2 protein chains.
Amino acid sequence: MPKLSRAAKNLRRTTIEDAARDLFIKQGFHATSMRDIAKTAEVSLGNLYNYYATKDAIFESIINNYQQQIDEKLRVIFSQIDEPLEPESLRQMGEMVGNLVDQHSDFWLLMYIDVLEFQNRHFRKMFDGLTDRFQRMFGDKFEQAKTRGDLRTGVDPATVFTAAYMQFFNYFLVEKLFGGNRHLNLSDDQALNFLTKIFAYGLLSETKLADYKKSVNKAIV
Amino acid sequence: MPKLSRAAKNLRRTTIEDAARDLFIKQGFHATSMRDIAKTAEVSLGNLYNYYATKDAIFESIINNYQQQIDEKLRVIFSQIDEPLEPESLRQMGEMVGNLVDQHSDFWLLMYIDVLEFQNRHFRKMFDGLTDRFQRMFGDKFEQAKTRGDLRTGVDPATVFTAAYMQFFNYFLVEKLFGGNRHLNLSDDQALNFLTKIFAYGLLSETKLADYKKSVNKAIV
DNA sequence: AAATAAAAAACGGACGTTCATTTTTCTTGA
DNA sequence: TCAAGAAAAATGAACGTCCGTTTTTTATTT
């Protein structure tokens, strides 16, 4: 018979992982000691080993939980997109990606830890088959746009969408984590507009583009 | 009177730094011990301290030297670009960036170490004022293209060029270091063509684009 | 032999992990 | 209702190892 309820145990685990995550992010995996984690989590050193077999196990558990959290946020982001190929939607996605990077920069730092110390073993799936996933997600919308004649011929919409997604991500990561302060010489808002514009030009047919230009920004012509 | 010539001393330093760099990249900064470095460099532990005051000093020296090497490679890349706004040039840049990432993936790993353990102190300058630098580099070419009417109105060529540069870089980093095997669902060659196409559409005027489409790929129309 | 370089040994401390011990918690029997 | 006791949980000292750095010793060169 267990003396602690499952809920109480999970609470302890959460406390430990929160502490460990903060420390890993602040000072790296190797630089963080089990004693650091114990002290921050207000748990004895030995007791850590009642919850995790090794220090690595703590890292892996953090990643798995965090990954789920981020996956859910991404799911919400994409679920809010009705028409993925509308410039407005692209921009909206970029904005939400920016928020995700802002609010969870620690998660991406964990990814770099993973790249360096675990050959990105835990994060590989973030990029694996990315285009295919978007195709599965929005395939019908892509098809509809194509039959409507909204798209340039010879340009695969799923690939453009993926490229836009990646560029938005990279833009904010560079700004947030790499100290590239305004590396595009634009404010975040302006950068979003600009990148959206680029991908819209790359994606849309001339007739469709004409609408975009007219409606959004007359200065562009 | 020194017993070792300056050249001999530099050789030792090079040997030590080569060993340290390999180890840092393979297992990270904190996971690499001075004893590891000594053994790999075939130098005694104590002797390391005749050449470097601390372990950090080794890391900084490596970065500074490597940075110079990469800067020189980048200089060569950009010096080979005559007409930065030609799609062909963009693609060429992308290809060379790909080679740079391939041949020096260790350098970019050092950057991630720097992000995690030194808040990117040593690499900040890689992204700082990037657009300005391209403007300074190719400003006259950009102006010429504008007056020739090659460009879309309302699209700053330096910004497009920077965005293209960043996207090429990011594409290859994801492929090489993050295990995103064919995350755009394209071969590297196809990805280069595709990304070039996107930025060309975003950058060039309709008349100029017509030339591009005709000359490069009739299938696109 | 004097100066420089290299090697080896030693230092104090911190590391991840283990383990004997103590404390807490809940069940049980009266 | 409540002490007894067993099981679970928590503790902190201890272990052996490795760490970055310093100091001492040895080798090499002029």
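Each chain gets a letter, A, B and so on, in the order its sequence line appears, and its residues count up from 1. Keep in mind that what you see is a predicted model, and the values were worked out from it rather than measured.
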Output the rounded distance in Å from [atom1] ([X]) to [atom2] ([N]).
{"X": "B:R6", "N": "C:dA5", "atom1": "CZ", "atom2": "C1'", "result": "17 Å"}
{"X": "A:K39", "N": "C:dC15", "atom1": "NZ", "atom2": "P", "result": "10 Å"}
{"X": "A:L48", "N": "C:dC15", "atom1": "CG", "atom2": "C1'", "result": "14 Å"}
{"X": "A:Q27", "N": "C:dA14", "atom1": "CD", "atom2": "P", "result": "14 Å"}
{"X": "A:I37", "N": "D:dT11", "atom1": "CD1", "atom2": "C1'", "result": "17 Å"}
{"X": "A:Y51", "N": "D:dA9", "atom1": "OH", "atom2": "P", "result": "7 Å"}
{"X": "B:L11", "N": "C:dA6", "atom1": "CG", "atom2": "P", "result": "11 Å"}
{"X": "B:N50", "N": "D:dT28", "atom1": "CG", "atom2": "C1'", "result": "14 Å"}

Would you please confirm or rule out a distance under 4.0 Å between OP1 or OP2 of [N] and any side-chain N or O of [X]?
{"X": "A:S44", "N": "D:dA10", "answer": "no"}
{"X": "B:R12", "N": "C:dA6", "answer": "yes"}
{"X": "B:K9", "N": "C:dA5", "answer": "yes"}
{"X": "B:S33", "N": "D:dC18", "answer": "no"}

Handout entry: Note: A:D156-A:K146 ion pair, threshold 4.0 Å (strictly below)
Key = no
Problem - B:R21 with B:D18: basic N within carboxylate O range, under 4.0 Å - result: yes
Exercise for the section: Just jot down the side chain to side chain contact (heavy atoms under 4.5 Å, CB included) partners of A:H30, sequence neighbours excluded, or say none. Expected result: A:E117, B:H30, B:A31
Fill in the blank from the handout: Across all chains, not counting sequence neighbours, the side chain to side chain contact (heavy atoms under 4.5 Å, CB included) partners of B:R75 are B:E72
Problem - Partner residues of A:D106 under the side chain to side chain donor-acceptor pair (under 3.5 Å) criterion, sequence neighbours left out - result: A:Y66
Polar atom pairs (N or O), protein with nucleotides 21-25 of chain D, under 3.5 Å:
residue, atom, partner, partner atom, Å
D:dT21, OP2, B:Y49, OH, 2.8
D:dT21, OP2, B:K55, N, 3.0
D:dT21, O5', B:Y49, OH, 3.4

Problem - Of all pairs that satisfy side chain to side chain donor-acceptor pair (under 3.5 Å), the ones with a partner from residues 169-178 of chain B, not counting sequence neighbours - result: B:Y171-B:D188, B:E175-B:H183
Problem - Residue met sooner reading DNA chain C from 5', once A:D36 and A:N47 are mapped to nucleotides - result: A:D36
Side-chain atoms of residues 36-45 of chain B: list all donor-acceptor pairs with protein atoms under 3.5 Å, sequence neighbours left out, distances to 0.1 Å.
residue, atom, partner, partner atom, Å
B:D36, OD1, B:S33, OG, 3.4
B:D36, OD2, B:Q27, NE2, 3.2
B:D36, OD2, B:S33, N, 3.2
B:D36, OD2, B:S33, OG, 3.3
B:T40, OG1, B:D36, O, 2.9
B:S44, OG, B:N47, N, 3.2

